[in-house]
Amino acid sequence: MNHLNVLMKKEFVQMWREFKVIWLPLVFIFLGVTQPVVSHYLPSILKTLGGAQGITIDPSMAAQQGGEVLASTLAAQFDQLGVIIIAISMMGVLQTDKANGMLAFILTRPVAIISYIGGKIIANYIFVACSVVLGYLISYVYVNLLFTNVNFVDVIIASLFYLLWVLFMVTFTTMISTIFNSQGIIALISIVFLLGCRIVLGLSTLTDFMNPASMSKHAMEVLITGAVNPNVIWNGLVVLIWIVLTIIVTIFWISSKKFNNE
């Protein structure tokens with residue numbers, strides 16, 4: 001436990017040196033503000049720019065509800081640009097230690113590999129989750145100001161579902177960062193796979209059941225309908241299995257490689 005705490009502190013210090021503690025929360029705050037503001041003012045902007053011959057908005061179209069706008073923040077902002085930002089921010093999480101010899105140095109010490117990986121994943125997840133929640137709550141405030149109020153209990157439940165999907169992003173990117181040495185390749189594989197999970201969501205019941213991005217879908221359903229899908233428990237268990245598998249692959253890969261001889 002002492003080794004885990006030390007390694008987590010090392011990760012937080014590294015985030016501070018890379019100014020990640022500043023720019024990552026700001027990016028998610030920007031993403032959180034963008035969706036409700038654009039959704040609210042877009043008709044006025046189109047009317048101003050288009051004039052009499054421009055694009056017109058059908059006045060009979062139903063006004064958006066607050067829950068729908070907050071759900072679109074997750075779908076249109078966090079699940080697209082947010083996924084790309086998380087993958088890029090974490091592409092060097094373990095690759096950097098391999099490149100500068102820190103991994104070999106740490107593994108020559110009496111430190112268990114699971115403590116090393118645990119410190120990486122827990123520290124980065126806490127930081128990424130706090131950034132996502134901050135942007136999400138800012139979006140919630142703007143939605144309540146510009147649209148109808150959203151039940152705060154639904155907001156909390158939806159955030160818990162979404163954070164499980166975020167945990168999978170963190171463990172998957174850590175695994176890819178362990179296997180590959182090029183940060184460009186790590187970012188490319190992570191972004192393509194995670195966005196692919198999000199794109200195929202809804203194609204079939206079977207793929208949705210196995211898809212870790214299904215937790216994002218459940219979060220949006222709670223915000224829009226106010227009800228929890230009864231399948232969320234099974235989907236959550238499947239996502240947890242995926243998370244454990246990525247951690248096992250990460251530990252196995254480090255155990256099987258003699259980094260101290262590289």
Side-chain angles (χ1 to χ4, degrees), residues 11-12 15-16 18-46 62-91 93 122-170 173 190-191 194-195 197-198 201 212-228 232 239:
E11 285 301 306
F12 286 125
M15 291 175 201
W16 180 257
E18 295 174 350
F19 300 105
K20 200 185 293 185
V21 293
I22 298 175
W23 66 262
L24 191 60
L26 288 177
V27 168
F28 275 96
I29 289 173
F30 175 76
L31 295 178
V33 171
T34 300
Q35 190 65 31
V37 170
V38 170
S39 298
H40 183 75
Y41 291 107
L42 185 60
S44 301
I45 295 172
L46 291 176
Q64 283 187 297
Q65 298 298 306
E68 295 172 345
V69 178
L70 192 55
S72 64
T73 298
L74 298 180
Q77 302 296 335
F78 290 8
D79 273 353
Q80 295 179 27
L81 289 175
V83 166
I84 296 173
I85 296 299
I86 290 174
I88 291 175
S89 71
M90 291 200 56
M91 61 186 178
V93 63
I122 293 173
N124 281 278
Y125 177 66
I126 289 174
F127 179 63
V128 172
C130 288
S131 301
V132 170
V133 169
L134 185 59
Y136 179 69
L137 290 178
I138 294 292
S139 184
Y140 166 70
V141 172
Y142 272 84
V143 164
N144 280 350
L145 289 174
L146 301 176
F147 297 89
T148 57
N149 289 340
V150 185
N151 188 330
F152 191 68
V153 175
D154 294 341
V155 172
I156 297 296
I157 294 172
S159 68
L160 294 176
F161 292 166
Y162 194 81
L163 288 178
L164 192 56
W165 163 229
V166 172
L167 179 57
F168 175 78
M169 293 187 214
V170 170
T173 309
S190 300
I191 291 170
L194 294 172
L195 287 181
C197 288
R198 191 60 186 80
L201 194 61
S214 61
M215 297 311 296
S216 173
K217 180 183 175 184
H218 288 308
M220 287 186 285
E221 285 179 354
V222 171
L223 293 172
I224 294 173
T225 67
V228 176
V232 68
V239 177

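Applying the salt bridge (charged side-chain N to carboxylate O under 4.0 Å, His left out) test to pairs two or more places apart or on separate chains, none has a residue in residues 28-45.
A side-chain donor-acceptor contact under 3.5 Å links Tyr125 to the backbone of Leu163. Here the side chain of Thr173 pairs no donor or acceptor atom with the backbone of Met91 at under 3.5 angstrom. A distance-only check finds no donor-acceptor pair linking the side chain of Ser39 to the backbone of Pro36 [under 3.5 Å].
For the atom pair CD of Glu11 and CD1 of Ile126, the computed distance is 11.5 Å after rounding to the nearest 0.5 Å.
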Step by step, work out the side-chain contact (heavy atoms from CB on, under 4.5 Å) result for Ile84 and Leu195.
CA-CA 8 Å; Ile84 296 173; Leu195 287 181; 4.2 Å; yes
Using side-chain contact (heavy atoms from CB on, under 4.5 Å), reason through Glu221 and Val228 one step at a time and then give a plain yes or no.
CA-CA 7 Å; Glu221 285 179 354; Val228 176; over 6 Å; no
For Phe78 and Ile86: C-alpha separation, side-chain torsions, deciding distance, then whether side-chain contact (heavy atoms from CB on, under 4.5 Å) applies.
CA-CA 10 Å; Phe78 290 8; Ile86 290 174; over 6 Å; no
Trace of the side-chain contact (heavy atoms from CB on, under 4.5 Å) decision for Val132 with Val128:
CA-CA 6 Å; Val132 170; Val128 172; 4.3 Å; yes
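The shortest distance between side-chain heavy atoms of Lys20 and Asn124 falls below 4.5 Å. Here the side chains of Phe30 and Leu26 are not in contact, with every heavy-atom distance at 4.5 Å or above. When side chains are defined from C-beta on, Ile88 counts as touching Ile191, because their heavy atoms get closer than 4.5 Å. Between Leu74 and Leu223, some side-chain heavy-atom pair lies under the 4.5 Å cut-off. Contact of the Thr34 side chain with the Gln77 side chain is registered, since non-hydrogen atoms from C-beta on lie closer than 4.5 Å. Looking only at side-chain heavy atoms (C-beta outward), Tyr142 and Val69 stay at 4.5 Å or farther from each other. Annotation: side chain of Leu70 is not in contact with side chain of Gln35 (no heavy-atom distance under 4.5 Å).
Scanning both residues, Trp23 and Phe19, for their nearest heavy atoms gives CD1-O, 2.9 Å. Among all heavy-atom pairs drawn from Trp165 and Val83, the shortest one is CZ2-CG2, 4.5 Å. Pairing each heavy atom of Val150 with each of Asn144, the nearest pair is N-OD1, 3.0 Å. In terms of heavy atoms, Asp79 sits closest to Tyr162 at OD1-OH, 2.6 Å. When all heavy atoms of Val239 and Pro212 are compared, the pair lying nearest together is CG2-CA, 3.7 Å. Taking each heavy atom of Ser190 and Ala87 in turn, the nearest pair found is CB-CB, 4.0 Å.
Ring centers of Phe12 and Phe127: at least 6.0 Å apart, outside the cut-off. Less than 6.0 angstrom separates the ring centroid of Tyr140 from the ring centroid of Phe152.
Between Phe161 and His218, the ring planes are perpendicular. Angles over 60° get that label, and only those under 30° would be called parallel.
Around the CH2 atom of Trp16, the shell of radius 6.0 Å holds no more than 12 heavy atoms that belong to other residues, nucleotides or ligands.
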